[in-house]
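One structure is given here, and the rest of the page talks about it.
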Amino acid sequence: MKARTLKKDKVNIITMGCSKNLVDSEVLLTQLKGNGIDASHEVNSNDNNIIIINTCGFIDNAKQESIDTILQYVDAKEKGIVDKVYVTGCLSQRYKDDLEKEIPQVDAYFGTRDLPALLKKFKADYKHELVGERLLTHNAHYAYMKISEGCDRPCSFCAIPLMRGGHISRPIEELVKEAEHKAANGTKEMLLIAQDSTYYGLDLYKKRNLAELMRRLSDVQGIDWIRLHYAYPTGFPMDVIEVMKERDNICNYLDIPLQHGSTSVLKTMRRGTTREKQEALIHSIRDLIPEIAIRTTLIAGHPGEGEKEFEEMVDFVERMKFERLGVFTYSHEENTHAHSMEDNIPQEVKQERANYLMEIQEQVSYELNQEKIGKNFKVLIDKKENGYFVGRTEFDSVEVDNEVLIDASQYYCRIGDFVQAEITDATEFDLYGKVI
């Protein structure tokens, strides 16, 4: 009788959802490899016999996508294609008991802060010496930096505190060390992310300390761009904008989710602000840095949003002329404050409202992009695709904003390098450029 050959375990990590989840997957990948375990991220190979799915539980569509992915790999397990399936992340944190009942074929479920327990399944230890070091799952020239975890805000629609817990800031020294490590490995752009980046430091330093963190990161040699995401507007620390203005390597870019343009809906949302305060804040920021690109997100169809409130949001978008805008339809989430309200706006009406806002934004974006024609910009090249080198200016973040397309048949660019480009043409969401 022939002895069965024992194959070494190979792990494949699958990431669902946002950039914050991606960072968690990169940390997990780093810890597994640091323990000598053969691990990869989203490889298309049948060699990997252990699957870890890092799930998203934010809104209905994301939850369904995560569940479908779990079922796909559970099916693969039952067919003998894979040996084990582990599930971690937001969906698992929020619905662990339900998932264990409904999909018992999964070998174990873990929450968002259960990394040491997950590592134990591999007889691996959490290596503190790897803190600040992270294997990237994409080109090394940019990297996300999660400056804090969790959120203390009471927003009516949001389930993130249920999945991620309360706000915990990472120490400045740890983040600086991470930036230095990234710079040494070729990273040129750091994208600062959190559930609420403007709350940074209140727990550790007893004050909002985001400006000091940005100043310290700005001093790291080799980091050309620092980009700020997810800045909560209520109690916004204006010293952040002053640091942005004084430091050349901090992008004139601000991602500040405002969520609505009607004071009554903002009150229902428990955002702690008004439309007038939001407008005043945007004007103050633009007064300090007129060329800044402001990205925001809005929610269409929240309980309490009648025609009048929606028209207020339309007016808000038309008046503010945001450089970048995303619109989500309201999702009725269990155990959130808004779940006690009646979700009485039909999904098709929510979608019509979201589409209408994006039509307005298309025109705003087109007009702003037309003004860029003939101007020169520093562009970071991200990839080559469909005959173009694709890059971004300091006013554009990865995957969500405008891109600069440079004809690869006429110009050669190296991925991960900066080039100076003159904009020769523009559409609503794309710029076309030539290298100068």
Side-chain angles (χ1 to χ4, degrees), residues 19 22 136-145 179 182-193 214 217-229 244-255 289-295 321-326 361-436:
S19 55
L22 182 65
L136 299 180
T137 56
H138 48 75
N139 287 326
H141 62 272
Y142 71 88
Y144 294 102
M145 173 182 275
K182 290 286 179 295
N185 285 279
T187 296
K188 297 173 182 178
E189 178 184 17
M190 299 294 310
L191 300 99
L192 308 190
I193 58 173
M214 291 173 71
L217 292 174
S218 172
D219 289 336
V220 174
Q221 293 297 308
I223 300 296
D224 294 270
W225 281 356
I226 295 167
R227 186 180 302 282
L228 182 58
H229 283 273
M244 193 179 284
K245 185 177 181 179
E246 76 184 38
R247 297 295 179 108
D248 288 341
N249 63 345
I250 298 178
C251 295
N252 291 319
Y253 178 97
L254 179 67
D255 177 1
I289 307 179
E291 66 274 23
I292 195 168
I294 294 177
R295 156 168 277 281
K321 290 190 172 7
F322 296 107
E323 284 76 14
R324 314 282 179 258
L325 174 67
Q361 182 60 26
E362 277 189 23
Q363 187 58 34
V364 170
S365 185
Y366 178 78
E367 290 169 5
L368 291 172
N369 282 351
Q370 290 298 302
E371 293 172 10
K372 294 183 171 74
I373 295 174
K375 295 180 180 176
N376 299 339
F377 294 93
K378 182 179 179 181
V379 173
L380 180 57
I381 303 298
D382 284 331
K383 58 189 173 182
K384 186 181 179 185
E385 193 173 80
N386 300 325
Y388 289 95
F389 287 104
V390 182
R392 294 172 291 114
T393 72
E394 72 170 293
F395 307 111
D396 300 290
S397 194
V398 178
E399 294 182 349
V400 293
D401 292 327
N402 291 354
E403 292 176 327
V404 179
L405 306 177
I406 296 169
D407 189 340
S409 67
Q410 294 187 48
Y411 304 97
Y412 176 73
C413 306
R414 270 199 342 183
I415 292 164
D417 277 2
F418 288 99
V419 299
Q420 282 294 129
E422 179 187 332
I423 304 305
T424 56
D425 198 5
T427 64
E428 294 91 335
F429 301 117
D430 285 321
L431 303 168
Y432 292 84
K434 63 179 182 181
V435 177
I436 54 173

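The shown structure was predicted, so the numbers you read here are calculated from the model rather than taken from an experiment. Only heavy atoms go into these numbers, but all of them, side chains included; no hydrogens, no water, no symmetry mates.
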How far apart are the C-alpha atoms of Trp225 and Leu380, what are their side-chain angles, what is the distance that settles it, and do they pass the side chain to side chain contact (heavy atoms under 4.5 Å, CB included) test? CA-CA 10 Å; Trp225 281 356; Leu380 180 57; 3.7 Å; yes
Problem set entry | Derivation of the side chain to side chain contact (heavy atoms under 4.5 Å, CB included) call for Leu192 and Leu217 | CA-CA 10 Å; Leu192 308 190; Leu217 292 174; 3.8 Å; yes
Report task. Return yes when atom CD of Glu291 has more than 12 non-hydrogen atoms of other residues, nucleotides or ligands closer than 6.0 Å, and no otherwise. Result -> yes
ask   = Okay, side chain of Asp407, backbone of Ser409: is any donor-acceptor separation there less than 3.5 Å?
value = yes
ask   = Do Leu191 and Ser19 have side chains that get closer than 4.5 Å, going by heavy atoms?
value = no
- [ ] Could you check if a side-chain atom of Gln370 sits within less than 4.5 angstrom of a side-chain atom of Tyr366, using non-hydrogen atoms only?
- [x] yes
In terms of heavy-atom contacts, Ala408 and Lys384 come closest through CB-CE, 3.7 Å
**Study point:** Audit row: Asp219, Arg247, side chain to side chain contact (heavy atoms under 4.5 Å, CB included) steps and yes/no
**Key:** CA-CA 9 Å; Asp219 289 336; Arg247 297 295 179 108; 2.8 Å; yes
Between the CG atom in Leu368 and the CD atom in Gln361, the distance rounded to the nearest 0.5 Å is 8.0 Å
Closest non-hydrogen atoms of Thr424 and Ile373, given as atom of the first, atom of the second and distance, are O-CG2, 3.8 Å
Looking only at heavy atoms, the pair that brings Val435 and Cys413 closest together is CG2-SG, 3.9 Å
Quiz item: So, does Arg295 use its side chain to make a donor-acceptor pair with the main chain of Val400 at under 3.5 Å?
Solution: yes
- Can Glu189 and Arg392 be counted as an ion pair, charged N to O under 4.0 angstrom? yes
May I ask you to decide if Val390's main-chain N or O and Asp382's side chain share a donor-acceptor pair within less than 3.5 Å? no
Can you find a heavy atom in the side chain of Ile381 that is under 4.5 Å from one in the side chain of Val419?
yes
Under 3.5 Å, is there a donor-acceptor pair between the side chain of Glu403 and the main chain of Asp396? no
On a heavy-atom basis, the closest approach of Tyr411 and Phe389 is O-CE1, 3.2 Å
Taking the side chain from Asn249 and the backbone from Ser218, do they hold a donor-acceptor pair closer than 3.5 Å? yes
Any side-chain heavy-atom pair of Val220 and Met190 under 4.5 Å:
no
Nearest heavy-atom approach of Ser397 to Tyr253 is CB-OH, 3.4 Å
Heavy-atom nearest pair, Ala140 first then Thr187, reads O-OG1, 2.7 Å
With sequence neighbours left out, the residues meeting ring pair (Phe, Tyr, Trp, His ring centres under 6.0 Å) with Phe395 are none
Ile436 and Gln420: side chain to side chain contact (heavy atoms under 4.5 Å, CB included), yes or no, with the steps? CA-CA 6 Å; Ile436 54 173; Gln420 282 294 129; 3.8 Å; yes
CD1 (Ile226) and CG (Asp248) are apart, to the nearest 0.5 Å, by 11.5 Å
In the structure I gave you, are the side-chain heavy atoms of Asp417 and Lys188 within less than 4.5 Å of one another anywhere? yes
Value for CZ (Phe418) from NE2 (His141), rounded to nearest 0.5 Å, stands at 8.5 Å
So CE of Met244 and CE of Met214: to nearest 0.5 Å the spacing works out to 4.5 Å
Test side chain to side chain contact (heavy atoms under 4.5 Å, CB included), reference Val364, set Lys321, Glu323, Glu428, output is Lys321
Subject >> Neighbour count >12 (heavy atoms, 6.0 Å) for atom NZ, Lys245 >> reply: no
OG (Ser365) and CZ (Arg324) are apart, to the nearest 0.5 Å, by 6.0 Å
Can you check whether Glu394's main-chain N or O pairs, donor with acceptor, with Arg227's side chain at less than 3.5 Å? yes
**Prompt:** Does CD belonging to Glu246 count more than 12 external heavy atoms closer than 6.0 Å?
**Reply:** yes
So NZ of Lys182 and OH of Tyr142: to nearest 0.5 Å the spacing works out to 13.0 Å
The single option from Asp430, Thr393, Asn369 that satisfies side chain to side chain donor-acceptor pair (under 3.5 Å) with Asn402 is Asn369
